[in-house]
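Comments concern the structure below.
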Amino acid sequence: MAERDEALDWVALGRIPGVGGETFRRLLSSFGTPDRIFSATASSLATVVDRGIANAIAANIRDDTIAKTADWLADGNNHVVTLADDSYPKALLEIPDPPPLLYVKGRLDLLHQPSMAIVGSRNATAQGRKDAESFARALADGGLCIASGLALGIDAAAHRGGLAGAASSIAVVGTGLDIVYPAANRELAHQLAERGAIVSEFGLGTPSMAANFPRRNRIISGLARGVLVVEAAVRSGSLITARLAGEQGREVFAIPGSIHSTLSKGCHRLIKQGAKLVESAQDILEELGSIARAPDSSASAPQPASEGEQALFTHLGHEPCAIDTLVERTGLTADRVSSILLELELAGRVAALPGGLYQAIY
């Protein structure tokens, strides 16, 4: 990890308008380090970048963000990791556009652990969230740190599973690390900062902007040995992450679902395109050659207690179902079906869906 003053030079260079990742790396290739870049004359800089950028670098005017970053770095849990640091994740050096620097809150060691990305829909089903969490925990216990994007739905469930497992979890975000987005995941972000890590290539104060999230996706996939898509519509940011993973030489996995669900169609498209269909975390661990084995999560899954609950749960099947249909299938009264459904919902075995439908959670 860079010393504070050195790190601030990296931050300041990245704050110059027009200095994106490619320009940043070109300057490093020509001049060596940011302090040498700032010491160069505008004329020499102009041989590498256009005159406007050269003049801005030579002026070396630093905005308030640099002072805020210095204060932020005073917290020992906050870090700036640069391309020149041994602590920079080697996996990102393999991708076409590695970020010149990363802001990290939490455990630096996780940047070097074998990782698995888990992504999917923000509007996930209860079954999808449960699958993401259980897969993440099993993979983390199998030695893979779980990388995701701190979004609602599948991402959040994956982080919770990773934190519950042995290898923990990394969140890659599209804002500055002084901002938690979405705010609903604030408590989860605190847990990640304490027991995992939160990573961003964007400077402090960077708000949530749509263009930043596809960029952060390349880091999620780049850190990982593979990407698992749990639930995704055909038009989904998760499919962007999967595409980037394929381009980066990472493995792509997908969990299949109902042919009637819009959140299965993205996964089914990936499988048609060559993604590996998986039914358990062990499928992934075996594919990646992990020496660890995932625990059998099904062994601890709670089962409906009463005979009525078991019968109703069986008749629910894998597809969303209306109460009237369950009455017809089971021969029970509507009141009895409603009562059992409530018990199953409170037990976390059934999810109530829009339109008066119910779905079993396995």
Side-chain angles (χ1 to χ4, degrees), residues 1-73 78-104 108 111-112 172-178 199-207 209-223 240 243-244 247-249:
M1 184 181 65
E3 296 294 331
R4 196 188 75 155
D5 289 345
E6 181 185 346
L8 293 177
D9 283 340
W10 284 78
V11 172
L13 184 58
R15 297 286 299 175
I16 302 292
V19 178
E22 182 180 351
T23 301
F24 203 128
R25 290 189 295 272
R26 191 162 67 245
L27 286 163
L28 292 174
S29 179
S30 298
F31 295 95
T33 58
D35 64 314
R36 292 180 181 176
I37 294 168
F38 281 119
S39 298
T41 65
S43 297
S44 60
L45 291 166
T47 64
V48 179
V49 297
D50 70 43
R51 175 61 67 173
I53 296 175
N55 289 338
I57 294 172
N60 195 8
I61 298 173
R62 305 197 173 194
D63 62 21
D64 292 343
T65 301
I66 308 305
K68 291 178 181 177
T69 304
D71 292 340
W72 183 77
L73 286 171
N78 297 334
H79 319 278
V80 169
V81 178
T82 76
L83 279 170
D85 296 333
D86 290 339
S87 51
Y88 190 91
K90 292 179 174 54
L92 290 185
L93 297 177
E94 301 171 357
I95 70 175
D97 184 22
L101 68 151
L102 294 168
Y103 299 82
V104 182
L108 283 177
L111 300 181
H112 300 279
V172 184
V173 301
T175 66
L177 291 192
D178 55 338
V199 176
S200 179
E201 67 176 315
F202 301 106
L204 300 185
T206 302
M209 295 185 290
N212 288 349
F213 291 94
R215 285 194 55 76
R216 68 91 194 261
N217 290 349
R218 84 191 194 286
I219 300 178
I220 295 174
S221 56
L223 284 170
I240 296 175
R243 174 178 59 78
L244 291 168
E247 293 172 355
Q248 294 166 347

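The model shown is predicted, which means the values in this text are computed figures rather than measured ones. Worth knowing before you read on, the calculation uses all heavy atoms, side chains too, and leaves out hydrogens, waters and symmetry mates.
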Do D85 and L101 make a side-chain contact, defined as non-hydrogen atoms from C-beta onward lying under 4.5 Å apart? no
Residues 21-31 vs side chain to side chain donor-acceptor pair (under 3.5 Å), sequence neighbours excluded, gives R25-D97
Residues passing the side-chain contact (heavy atoms from CB on, under 4.5 Å) test with L93, sequence neighbours excluded, are L83, Y88
Tightest non-hydrogen contact, residues I53 and G18, listed as CD1-O, 3.5 Å
Notebook entry, point to check: Is it true that a side-chain atom of R218 and a backbone atom of R215 form a donor plus acceptor pair closer than 3.5 Å?
Noted result: yes
| Do any N or O atoms from the side chain of Q248 and from the backbone of G222 form a donor-acceptor pair under 3.5 angstrom? | yes
Across all chains, not counting sequence neighbours, the side chain to side chain donor-acceptor pair (under 3.5 Å) partners of D178 are none
Evaluate the side-chain contact (heavy atoms from CB on, under 4.5 Å) criterion for residues V199 and Y103: first the C-alpha distance (whole Å), next the side-chain angles of each, then the deciding distance (0.1 Å), finally the verdict. CA-CA 6 Å; V199 176; Y103 299 82; over 6 Å; no
When every non-hydrogen atom of A46 is compared with those of A54, the smallest separation belongs to N-CB, 3.7 Å
Here the salt bridge (Lys or Arg N to Asp or Glu O under 4.0 Å) pairs for residues 54-70, sequence neighbours left out, are D9-R62, R15-D63
When rounded to the nearest 0.5 Å, the distance separating OG1 of T33 from CG of L13 is 10.0 Å
Scanning both residues in full, the closest heavy-atom pair of A7 with L73 reads CB-CD1, 4.4 Å
Heavy-atom closest pair (L204 atom, T65 atom, distance to 0.1 Å) is O-CG2, 3.8 Å
Scanning both residues in full, the closest heavy-atom pair of P214 with L244 reads O-CD1, 4.2 Å
Contacts of A42 meeting side-chain contact (heavy atoms from CB on, under 4.5 Å) (sequence neighbours excluded), chain-then-number -> R51, N55, A58
Value for CD1 (I66) from CD1 (I61), rounded to nearest 0.5 Å, stands at 12.5 Å
With sequence neighbours left out, the residues meeting side-chain contact (heavy atoms from CB on, under 4.5 Å) with S200 are V173, L177, F202
Sequence neighbours excluded, the answer for ring-ring contact (aromatic ring centres under 6.0 Å, His included) partners of F213 is Y181
Sorted by chain and number, sequence neighbours left out, side-chain contact (heavy atoms from CB on, under 4.5 Å) with T41 holds for S43, S44
Contacts of T175 meeting side chain to side chain donor-acceptor pair (under 3.5 Å) (sequence neighbours excluded), chain-then-number -> none
Between the CG atom in D71 and the CG atom in N78, the distance rounded to the nearest 0.5 Å is 11.0 Å
Separation between CG (L108) and OG (S87), nearest 0.5 Å, reads 5.5 Å
* Going through the checks in order, is the side-chain contact (heavy atoms from CB on, under 4.5 Å) test met by L27 and L45? -> CA-CA 8 Å; L27 286 163; L45 291 166; 4.1 Å; yes
On a heavy-atom basis, the closest approach of E201 and I219 is OE2-CD1, 3.7 Å
Hits for salt bridge (charged side-chain N to carboxylate O under 4.0 Å, His left out) against R243, two or more places apart or cross-chain, chain-then-number order -> E247
So ring-ring contact (aromatic ring centres under 6.0 Å, His included) across residues 12-32, not counting sequence neighbours, yields W10-F24
**Message:** Working note: V80 + L8, criterion side-chain contact (heavy atoms from CB on, under 4.5 Å); need CA distance, chi angles, decisive distance, verdict.
**Reply:** CA-CA 8 Å; V80 169; L8 293 177; over 6 Å; no
